Each structure stands twice: as structure tokens, then as C-alpha cells.
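Right, one structure below, let's go through it.
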Amino acid sequence: MFRLMINCFLCLIIALLTGCKTEAEIPVRFSDFNAKSTHKIQGKLIVEIPACKDYNSDMPSDSLFKIKQKLPYVFNGAKFENCFEKNFSSYALFSFPVSIVKSKTNLNMTQDTINISFDKNKSGFKSLSVFIPDKLRSSINKMIKSEIFIKKSDLKITLALDPEGKKGSFQILGGYLNNKPVQFGIFNNNGEKFKVTIPSYGIDLLLSGDYKYIAMYNAKF
């Protein structure tokens with residue numbers, strides 16, 4: 001029992017010092033951008049917590065209880081899916097709504113969801129943009145300040161893109177492509193699914209002001 005208490009204490013200290021990973025993955029099909037009006041798709045949000053269950057029982061842990069209570073107030077419509085363990089770490093899984101918007105302006109943006117657009121410029125190329133509106137940005141920043149298990153430096157947003165067989169090319173200014181770091185690169189795609197992850201400086205920009213992060217530009221499919 002004493003050894004268990006020491007281990008639990010060490011786990012809590014590690015969480016306090018390092019924070020825990022929070023990863024959002026948003027699966028997007030290119031056909032999602034064909035709709036004429038703003039509509040919602042579902043993303044997945046994984047939050048690392050110290051434990052799924054209380055150490056002395058099968059009851060949900062205090063950290064799981066807190067995140068289940070707080071997250072729906074930040075992401076309107078977020079739903080708890082399950083809590084699981086992987087590689088000696090515990091994770092709470094949520095689904096949450098994301099808005100696909102058509103307009104290049106903020107007029108069609110929703111205030112309580114992450115907004116994604118895939119707009120065409122005058123040259124015929126497209127840019128994939130991510131935007132966090134004021135209301136949601138404020139809620140996320142408040143949660144980061146109040147929740148000891150979440151830090152901005154541990155946030156990650158990944159767009160899991162499905163061109164649905166369309167071949168094309170695109171550029172990435174900086175970030176991760178299929179979990180590999182890239183910078184100022186031009187890439188070709190043969191129609192297969194691929195993932196673009198926003199780098200840490202992009203997260204900082206999205207949470208610091210009225211800024212659209214360009215995850216992919218000069219795209220042509």
C-alpha cells in the first residue's frame with residue numbers, strides 16, 4: 001500500500017511538472033467542402049489524465065470526473081466516449097463538433113467550434129485554413145489556466161484529410177505531414193489519405209488572437 005501511494009504521488013508530480021497531452025484529430029473528406037452552407041463534422045479529442053479509475057476502487061478518477069464536466073463547456077456539443085490505457089498512460093476520449101465553412105470572411109464562422117475552410121484564390125489554387133473564434137478561444141485559454149493537467153505546449157491539432165482518390169499537389173509552410181516534420185515543402189499526392197499536424201507556433205497563433213492558420217496552401221486537386 002505504501003509503495004502504491006508513493007507511485008501515485010510520483011504520477012501526480014510528473015503531471016504537475018510536465019502537463020499531459022491533448023490531441024485533436026479532425027477527419028475531413030474533400031467532399032465535405034462541397035456543401036453550399038456551413039455544416040458540422042465530428043472530430044476526436046484525446047486528453048491524457050493521471051488515471052481512468054480511482055486508485056482504491058473502480059469508480060472514475062477525480063481527474064476523469066473533472067475533464068468530463070469541463071470539456072463540454074469549452075467545446076459545445078462535446079461527448080465523452082470512453083477512457084482507456086495505453087503504454088502505462090491513461091486517456092479520456094471525446095467526440096466534438098467542427099464547422100466546415102465556405103466563406104473567406106468571418107461572416108459564416110461559428111463562435112463555439114473550430115472552423116475549417118478550403119478556399120480557392122484567383123489563380124485557382126486552394127488554401128486549407130483553421131480558425132478558432134473569440135468565444136471558443138477564450139474558453140480554451142481559461143481551461144488551460146485552470147486545469148493543471150492541460151498545457152498549451154501539449155496541445156496538438158491534426159487534420160486527417162481524405163482526397164477521396166483525387167490526385168494533386170500542395171505546399172506546407174511548416175508543420176508535420178504524416179507525423180514527419182516538414183518546412184517550405186511542395187508535395188504530391190496520388191489520391192491517398194494524409195495527415196497535416198499544426199506545429200506548436202501555429203497553436204500559439206490560433207490561441208493568441210484573431211488569426212487563421214494556413215495548414216496547406218497552393219493546393220490543386
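Note that the structure is a prediction, hence the values are computed from the model and not measured.
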Legend entry - Residues Ser127 and Ser129: side-chain donor-acceptor under 3.5 angstrom: no
Inset, instruction - Verify, without hydrogens or angle tests, whether Asn115 (side chain) and Thr110 (backbone) share a donor-acceptor contact under 3.5 angstrom. - result: yes
Legend entry - Ring geometry between Phe170 and Phe221 (parallel below 30°, tilted from 30 to 60°, perpendicular above 60°): parallel
Inset, instruction - Answer yes or no: is there a donor N or O on one side and an acceptor on the other, between the side chain of Asn189 and the main chain of Lys167, under 3.5 Å? - result: no
Legend entry - Smallest separation among heavy atoms of Glu81 and Ser95, with atom names: OE2-OG, 2.8 Å
Legend entry - Distance in Å, Lys212 NZ paired with Ile132 CD1, rounded so as to fall on 0.5 Å steps: 13.5 Å
Legend entry - Lys NZ or Arg CZ of Lys68 over Phe80 ring: under 6.0 Å, within 45°: yes
Inset, instruction - Please say whether more than 12 non-hydrogen atoms of neighbouring residues, nucleotides or ligands are located less than 6.0 Å from CZ in Phe65. - result: no
Legend entry - More than 12 heavy atoms of other groups within 6.0 Å of Phe84 CZ: yes
Legend entry - Closest non-hydrogen atom pair, Ile114 against Val98: O-CG1, 3.4 Å
Inset, instruction - Go through the steps to decide whether Asp210 and Phe131 satisfy the test side-chain contact (heavy atoms from CB on, under 4.5 Å), and finish with yes or no. - result: CA-CA 8 Å; Asp210 189 17; Phe131 178 72; 2.9 Å; yes
Inset, instruction - Starting at CZ of Phe33, measure out to CD1 of Ile116 and round the result to the nearest 0.5 Å. - result: 6.0 Å
Inset, instruction - Find out if a path of hydrophobic residues (ILVMFWY) with successive side-chain heavy-atom gaps under 4.5 Å connects Tyr73 to Phe75. - result: no
Inset, instruction - Give a yes or no on whether the backbone of Arg29 and the side-chain of Asp32 come within a donor-acceptor separation of less than 3.5 Å. - result: yes
Inset, instruction - May I have the step-by-step check of side-chain contact (heavy atoms from CB on, under 4.5 Å) for Thr197 and Lys156, ending in yes or no? - result: CA-CA 7 Å; Thr197 300; Lys156 186 166 77 171; 3.4 Å; yes
Legend entry - Within one Ile-Leu-Val-Met-Phe-Trp-Tyr cluster: Phe125 and Val130, side-chain cutoff 4.5 Å: no
Legend entry - Common cluster, Ile157/Val182, ILVMFWY with side-chain heavy-atom separation under 4.5 Å: yes
Inset, instruction - Identify the two heavy atoms, one from Arg137 and one from Leu206, that lie closest to each other, and give their separation to 0.1 Å. - result: CD-O, 3.1 Å
Inset, instruction - Using the side-chain contact (heavy atoms from CB on, under 4.5 Å) rule, take Leu93 and Leu45 through it: C-alpha gap first, then chi angles, then the decisive distance, then the call. - result: CA-CA 6 Å; Leu93 173 64; Leu45 185 66; over 6 Å; no
Legend entry - Interatomic spacing from OG1 in Thr22 to OH in Tyr91 - rounded to 0.5 Å: 10.5 Å
Legend entry - Asn76 side, atom CG; Lys135 side, atom NZ - distance, nearest 0.5 Å: 6.5 Å
Inset, instruction - For Tyr176, look at atom OH and say whether over 12 heavy atoms of other residues, nucleotides or ligands are found less than 6.0 Å away. - result: no
Inset, instruction - Give the cluster check for Met216 versus Tyr211: same hydrophobic cluster or not, with ILVMFWY residues linked at side-chain heavy-atom distances below 4.5 Å. - result: yes
Legend entry - Shortest non-hydrogen contact from Gly43 toward Pro27: CA-CD, 4.1 Å
Inset, instruction - Could I get the full list of side-chain hydrogen bond (donor to acceptor under 3.5 Å, both in side chains) partners for Ser90, not counting sequence neighbours? - result: none
Inset, instruction - Determine, step by step, whether Lys44 and Glu25 satisfy the salt bridge (charged side-chain N to carboxylate O under 4.0 Å, His left out) criterion, reporting the C-alpha distance in whole Å, the side-chain angles of both residues, the deciding distance to 0.1 Å, and the verdict. - result: CA-CA 5 Å; Lys44 296 293 183 181; Glu25 182 167 306; over 6 Å; no
Legend entry - Heavy-atom donor-acceptor pair, Asn87 side chain to Ser89 backbone, under 3.5 Å: no
Inset, instruction - Could you tell me whether the side chain of Asp134 reaches within less than 4.5 Å of the side chain of Gln111, counting heavy atoms only? - result: yes
Inset, instruction - Start with the C-alpha distance between Leu161 and Leu128, add both sets of side-chain angles, then the distance that settles side-chain contact (heavy atoms from CB on, under 4.5 Å), and finish with yes or no. - result: CA-CA 11 Å; Leu161 303 169; Leu128 182 67; 3.7 Å; yes
Legend entry - Linked, directly or transitively: Ile26 and Leu205 (ILVMFWY side chains, under 4.5 Å): yes
Inset, instruction - Could you tell me whether a side-chain N or O of Ser57 sits under 3.5 Å from a main-chain N or O of Met59, the two making a donor and an acceptor? - result: yes
Legend entry - Nearest-0.5 Å distance that lies between atom CD1 in Ile172 and atom CZ in Phe194: 7.5 Å
Legend entry - Spacing of Ile214 atom CD1 and Ser117 atom OG [to the nearest 0.5 Å]: 7.0 Å
Legend entry - Note, Ser99 side chain near His39 side chain (heavy atom, < 4.5 Å): no
Inset, instruction - Grab the two heavy atoms, one from Tyr213 and one from Gly174, that are nearest each other, plus how far apart they are. - result: OH-O, 3.0 Å
Legend entry - Closest non-hydrogen atom pair between Ile67 and Met143, with its separation: CD1-CE, 3.2 Å
